[in-house]
Amino acid sequence: MGTNTEQITQDTRQLEVERVLKHSALDPFGILGVSYKCTPKEVKMAYRTKSLLIHPDKTTHEQARNAFEKLKKAEAELMDEEKRKSIQAMLNEARRELRAEWQKDVTEGRRSSEEISEDNPDFEKAVMAKYRAIMIDIEWRRRQKLKQRMADEGRAAAKEEKDAEEKRRKREADKAWEDARDDRVNSWRSFQAKSKPKKTKKSKLSAS
């Protein structure tokens, strides 16, 4: 049986795995536990600290590997300058929308002006919630667009297949018609020969 220190360490690891898993994959800042204004150096430091906590070799949590992969993806996204800028732009959009909503509440007396501040933890939490909602909506729209495109491509492929099948059948029919041409000609000649009246002996005598 392990010591109390080992048990506490293992408990801490388990809790950190749960914390990472709880966060949406759309929120790399939350996964790493860093501010949206963090520097690349802070991202690396946070990743190093948390990866040592939740590494599958360090904890017995059955979902440790999933949490570790999630952490790695979050670190990669925030270390990629273009992705980082894109995420921060969406966060700024979320902040702008939320500030406009809360300002309306202030005007109507439902909030105080002090609440609309980056120093207010509740406001920042609400910003992240708004950001996730925006990203989820974008992802939903992307999937719907992809689904529609796949459906359109499926219909187009089905039409192409149908057209190809019709062309194949026409070629086979044309070939069968061409292959039977000699048979038809011979049948017609045979029919003509049978239909042509034969000359009788009387006819021959009359002719002489």
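Atom set for the values below is all heavy atoms of this structure, side chains included, hydrogens, waters and symmetry mates excluded. This chain uses plain numbering: 1 for the first residue, then up along the sequence.
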**Q** For the hydrophobic clusters of this structure (ILVMFWY residues joined by side-chain heavy atoms under 4.5 Å, transitively), does one cluster hold both Val127 and Ile136?
**A**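 Same cluster.
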**Q** Tell me every residue that passes side chain to side chain contact (heavy atoms under 4.5 Å, CB included) with Lys73, counting only those two or more places apart in sequence or in another chain.
**A**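 Expected list: Glu77.
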**Q** Kindly say whether Leu21 contributes a backbone atom to a donor-acceptor pair with the side chain of Lys70 at under 3.5 angstrom?
**A**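 Yes; judged by distance alone, with no hydrogens or angles, the pair exists.
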**Q** When you look at CZ of Arg132, are more than 12 heavy atoms from neighbouring residues, nucleotides or ligands closer to it than 6.0 Å?
**A**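 Yes, CZ of Arg132 has more than 12 neighbouring heavy atoms, counting only those of other groups under 6.0 Å.
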**Q** Working to the nearest 0.5 angstrom, can you tell me the gap between Thr49 OG1 and Ile54 CD1?
**A**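 It is 11.5 Å, given to the nearest 0.5 Å.
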**Q** For Phe68 and Ser51, what are the C-alpha separation, side-chain angles and deciding distance, and is it a side-chain contact (heavy atoms from CB on, under 4.5 Å)?
**A** CA-CA 7 Å; Phe68 185 69; Ser51 64; 3.7 Å; yes
**Q** Carefully, step by step, assess Gln10 and Thr60 under the rule side-chain contact (heavy atoms from CB on, under 4.5 Å).
**A** CA-CA 8 Å; Gln10 197 56 230; Thr60 57; 3.6 Å; yes
**Q** Could you tell me which non-hydrogen atom of Leu32 sits nearest to which non-hydrogen atom of Lys50, and how far apart they are?
**A**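 Nearest pair, atom of Leu32 first, then Lys50: O-CE, 2.8 Å.
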**Q** Flag the pair Glu75 / Val43 as yes when at least one side-chain heavy-atom distance between them is below 4.5 Å, and no otherwise.
**A**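 They are in side-chain contact.
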**Q** With a 4.0 Å cut-off, would you call Glu172 and Lys175 a salt bridge?
**A**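 Salt bridge: no.
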**Q** Would you name the heavy atoms of Pro28 and Ile87 that are closest together and state the gap between them?
**A**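 Minimum heavy-atom separation between Pro28 and Ile87: CG-CD1, 3.6 Å.
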**Q** Are Ile31 and Met79 linked, directly or through other ILVMFWY residues, by side chains that come within less than 4.5 angstrom of each other?
**A**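 Yes, one cluster joins them.
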**Q** Can you tell if the side chain of Asp122 reaches within under 4.5 Å of the side chain of Glu115, non-hydrogen atoms only?
**A**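 Asp122 does not reach Glu115 side chain to side chain.
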**Q** Could you tell me if the side chain of Phe29 sits less than 4.5 Å from the side chain of Gln88, heavy atoms only?
**A**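 With C-beta onward as the side chain, the pair touches.
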**Q** Distance-only, no hydrogens or angles: does the Thr59 side chain make a donor-acceptor pair with backbone N or O of Pro56 under 3.5 Å?
**A**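 No; judged by distance alone, with no hydrogens or angles, the pair does not exist.
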**Q** Can you check whether Met90 reaches Ile138 side chain to side chain, under 4.5 Å on heavy atoms?
**A**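 They are in side-chain contact.
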**Q** For Arg169, I'd like to know if atom CZ has over 12 heavy atoms of other residues, nucleotides or ligands within 6.0 Å.
**A**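 It does not: Arg169 CZ has 12 such atoms or fewer within range.
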**Q** For the pair Glu69 and Lys72, evaluate side-chain contact (heavy atoms from CB on, under 4.5 Å) and give the outcome as yes or no after the intermediate values.
**A** CA-CA 5 Å; Glu69 291 300 323; Lys72 280 203 302 185; 3.5 Å; yes
**Q** Is the closest basic N to carboxylate O distance between Glu101 and Lys104 below 4.0 Å?
**A**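 The answer is no: the pair does not qualify as a salt bridge.
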**Q** About how many Å separate CZ of Arg171 and CD of Glu166, when rounded to the nearest 0.5 Å?
**A**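 One gets 12.0 Å once the value is rounded to the nearest 0.5 Å.
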**Q** Quick check against the 3.5 Å criterion: does Arg13 have a side-chain atom that pairs as donor or acceptor with the backbone of Lys58?
**A**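 Yes: the side chain of Arg13 pairs with the backbone of Lys58.
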**Q** If only side-chain N and O atoms count, and only distance matters, is there a donor-acceptor pair under 3.5 Å linking Glu18 with His61?
**A**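 Present: a donor and an acceptor within the cut-off.
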**Q** side-chain contact (heavy atoms from CB on, under 4.5 Å) between Glu114 and Asp119: does it pass, once the steps are laid out?
**A** CA-CA 9 Å; Glu114 288 77 14; Asp119 295 329; over 6 Å; no
**Q** Mark yes when over 12 heavy atoms from residues, nucleotides or ligands other than Glu161 sit less than 6.0 Å from its CD; otherwise mark no.
**A**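 No, the 6.0 Å shell around CD holds no more than 12 heavy atoms from other groups.
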**Q** Side-chain heavy atoms under 4.5 Å apart, restricted to Ile/Leu/Val/Met/Phe/Trp/Tyr: what other residues fall into the cluster of Met150, or is it alone?
**A**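 Direct or chained contacts put Met150 with Leu146.
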**Q** Would one find more than 12 heavy atoms of other residues, nucleotides or ligands at under 6.0 Å from atom CE of Met45?
**A**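 No, because the 6.0 Å sphere around CE of Met45 holds 12 heavy atoms or fewer from other groups.
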**Q** Between Asp152 and Arg149, does at least one N-O distance fall below 4.0 Å, as a salt bridge requires?
**A**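 Salt bridge between Asp152 and Arg149, a charged N being under 4.0 Å from a carboxylate O: no.
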**Q** Charged N to carboxylate O below 4.0 Å: is that the case for Glu139 and Arg143?
**A**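 Yes, this pair counts.
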**Q** With sequence neighbours left out, what residues match Tyr36 under ring-ring contact (aromatic ring centres under 6.0 Å, His included)?
**A**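 Result, ring-ring contact (aromatic ring centres under 6.0 Å, His included) vs Tyr36: none returned.
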**Q** With sequence neighbours excluded, what pairs up with Asp57 under the side-chain hydrogen bond (donor to acceptor under 3.5 Å, both in side chains) test?
**A**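 Partners of Asp57 by the side-chain hydrogen bond (donor to acceptor under 3.5 Å, both in side chains) criterion come out as none, since no residue qualifies.
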**Q** Under 4.0 Å between a Lys/Arg side-chain N and an Asp/Glu carboxylate O for Arg19 and Glu16?
**A**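 Between Glu16 and Arg19 there is a salt bridge, with a charged N closer than 4.0 Å to a carboxylate O.
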**Q** So, are Lys167 and Asp163 salt-bridged, with charged N and O less than 4.0 Å apart?
**A**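 No salt bridge links Lys167 with Asp163.
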**Q** Please report the interatomic distance CH2(Trp140) to NZ(Lys145), rounded to the nearest 0.5 Å.
**A**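 The NZ atom of Lys145 is 13.5 Å from CH2 of Trp140, to the nearest 0.5 Å.
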**Q** Taking side chain as C-beta onward, heavy atoms only, is Ile134 less than 4.5 Å from Glu97?
**A**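 Yes, close enough: below the 4.5 Å cut-off.
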**Q** Where do Val106 and Ser112 come nearest, in terms of heavy atoms and distance?
**A**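 Looking at all heavy atoms of both residues, the shortest contact is CG2-O, 3.6 Å.
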**Q** Please determine if Glu165 and Lys162 form a salt bridge, counting it only when a charged side-chain N lies under 4.0 Å from a carboxylate O.
**A**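 So Glu165 does not pair with Lys162 through a salt bridge.
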**Q** Please answer whether the main-chain N or O of His23 pairs with a side-chain N or O of Asp27 as donor and acceptor at a distance below 3.5 Å.
**A**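 No; zero donor-acceptor contacts below 3.5 Å.
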**Q** ring-ring contact (aromatic ring centres under 6.0 Å, His included) with Phe123: which residues, sequence neighbours excluded?
**A**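 If we apply the ring-ring contact (aromatic ring centres under 6.0 Å, His included) test to Phe123, skipping adjacent residues, the hits are Trp102.
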**Q** Say whether, by atom type as modelled, one donor and one acceptor occur between the side chain of Tyr131 and the main chain of Leu26 under 3.5 angstrom.
**A**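 Yes; judged by distance alone, with no hydrogens or angles, the pair exists.
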**Q** Is it the case that the side chain of Asp105 and the backbone of Arg111 share a donor-acceptor pair, with hydrogens and angles ignored and the cut-off at 3.5 Å?
**A**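 The answer is no, because no donor-acceptor pair under 3.5 Å joins these two groups.
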**Q** Salt bridge (charged side-chain N to carboxylate O under 4.0 Å, His left out) with Arg95: which residues, sequence neighbours excluded?
**A**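 Only Glu118, Glu124 meet the salt bridge (charged side-chain N to carboxylate O under 4.0 Å, His left out) criterion with Arg95.
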**Q** In terms of hydrophobic clusters joined by side-chain contacts under 4.5 Å, are Leu52 and Val20 together?
**A**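 They do not share one cluster, since no chain of ILVMFWY contacts under 4.5 Å joins Leu52 to Val20.
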**Q** Indicate the atoms forming the closest heavy-atom contact of Leu53 with Thr12, along with that distance.
**A**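 Scanning both residues completely, I find the closest heavy atoms to be CD2-CG2, 4.2 Å.
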**Q** Going by atom types alone, do Asn66 and Gln63 pair a side-chain donor with an acceptor below 3.5 Å?
**A**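 Indeed, the side chains of Asn66 and Gln63 share at least one donor-acceptor pair under 3.5 Å.
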